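Values below: every heavy atom of this structure, side chains too, minus hydrogens, waters and symmetry copies. Whatever order the structure lists ligands and atoms in, that order sets their numbers, starting from 1. Just so we're clear, the structure is a prediction, and the values are computed from it rather than from any experiment.
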Amino acid sequence: MNTNVKSELLKRMSAGKDHPVSGQQLAEEYGVSRTAIWKYVKELESEGYEIGSIRKRGYYLIDSPDTILPAAVQQFLQTKQYGRTIRHIESCPSTQMLAHEEAQNGAPDGMVIIADEQTAGKGRLSRPWSSAAGKGIWMSVITRPELTPQQAPQMTLVAAVAIVRAIEELTEVTPTIKWPNDILAGGRKLTGILTELQADPDRVKAIILGIGMNVNQQSQDFPEEIRAIATSLSIEEGQPVNRAKLTAKVLDYLELYVALYVDKGFTPIKLLWESYADSIGKRVRISTLQDTYEATARGISEDGRLEVVLDDGTVRGIYSADIHII
Ligand code: BTX
């Protein structure tokens, strides 16, 4: 199946009844048969799209389902590489596992594995990630930036900034970032990021960005134990949000900001990140595997550590911990 032609068909059909897409013209442009175009129309109908046709003029879109199938996402993409190869799965334990396999088998930079449902979605430290069917964006993006393994942890912060920008652009929600990997709205968790690495000692082979975004859940869609701490875009916005459009926007910004990080270093990302962070200048409780203590958050360092000032004035840089604003 050629998702290029299919996503182009979808994109053009969105112009509405007054601008129908000529099957003949699209077939000629892409060097495929008219029957092939007709098959894509039938395929889209079977995926839930409602398509109208006007004799001798062409097809137009009446209504779209909320799907995250490759063509649905790709019709909105403005990237060069990211999201140009998408593997969509209805249900899987975790897209991270599949992404690791794909990366090992030579997946291209920017390949996306996206699922409608995860049955064993994972967070950091093997914590579970609730991934309700058809309600969120559960995806792993395989990236191959020219970075050293030491520069890899900052990719979490790059992804966080990309996600916040995408949400801001498409919704009225104003998210904040909680170091290192949570995106919050109204103090509740909207999105989590899990960054995993495949590397030689001196070279990154792949960084797999696991992104879990709560989009169209209502409160009852979350397991009881996280209902008080989790939220979704549609809860915050008061109406459903188009998952395909949002997925594409996240990929647009991700490609942009990863390139910015590789070309210009971490400073521009750091400034953006700090502008969205909720903890800077605040008193925080820091829990690591070893201990728990309090300090004041100051900012992030060039290598992505959270800098905190202890009560005796010493500055400490933290790589990995859970932070609570107090
Ligand atoms: P984290 O360790 O920061 O967050 C996990 C914690 O967040 C859980 O212990 C729970 O308290 C809470 N939580 C679980 N599910 C949700 C949810 N849907 N919304 C809000 N809070 C929740 C965050 O780890 C990293 C999450 C990455 C998820 C993506 S989805 C695609 C990819 N595949 C996969 O298995 N993981 C990543």
* Using the ring of Y293 (Phe, Tyr or Trp, six-membered ring only), decide whether R316 places NZ or CZ under 6.0 Å from its centre and within 45 degrees of its axis. => yes
* Would you please name every residue forming a side chain to side chain contact (heavy atoms under 4.5 Å, CB included) with A159, sequence neighbours left out? => I193, L209, L254
* Output every pair passing salt bridge (Lys or Arg N to Asp or Glu O under 4.0 Å) with a member in residues 161-171, not counting sequence neighbours, ordered by first then second residue. => E169-K249
* **R305 charged N/C atom sitting above Y319 aromatic ring, 6.0 Å / 45°** => yes
* Structure fact -> Distance filter under 4.0 Å, heavy atoms only, around ligand 1 gives S94, T95, Q96, Q118, G121, K122, G123, R124, R127, P128, W129, S130, W138, M139, S140, N181, D182, K189, G192, I193, L194, G210, I211, G212, N214, I226, I229, A230
* Asked: Going through the distances and angles, do Q218 and D221 end up as a side-chain hydrogen bond (donor to acceptor under 3.5 Å, both in side chains)?
  -> CA-CA 5 Å; Q218 292 307 309; D221 295 317; 5.9 Å; no
* Can you name the residues that form a ring-ring contact (aromatic ring centres under 6.0 Å, His included) with Y261, not counting sequence neighbours? -> F266
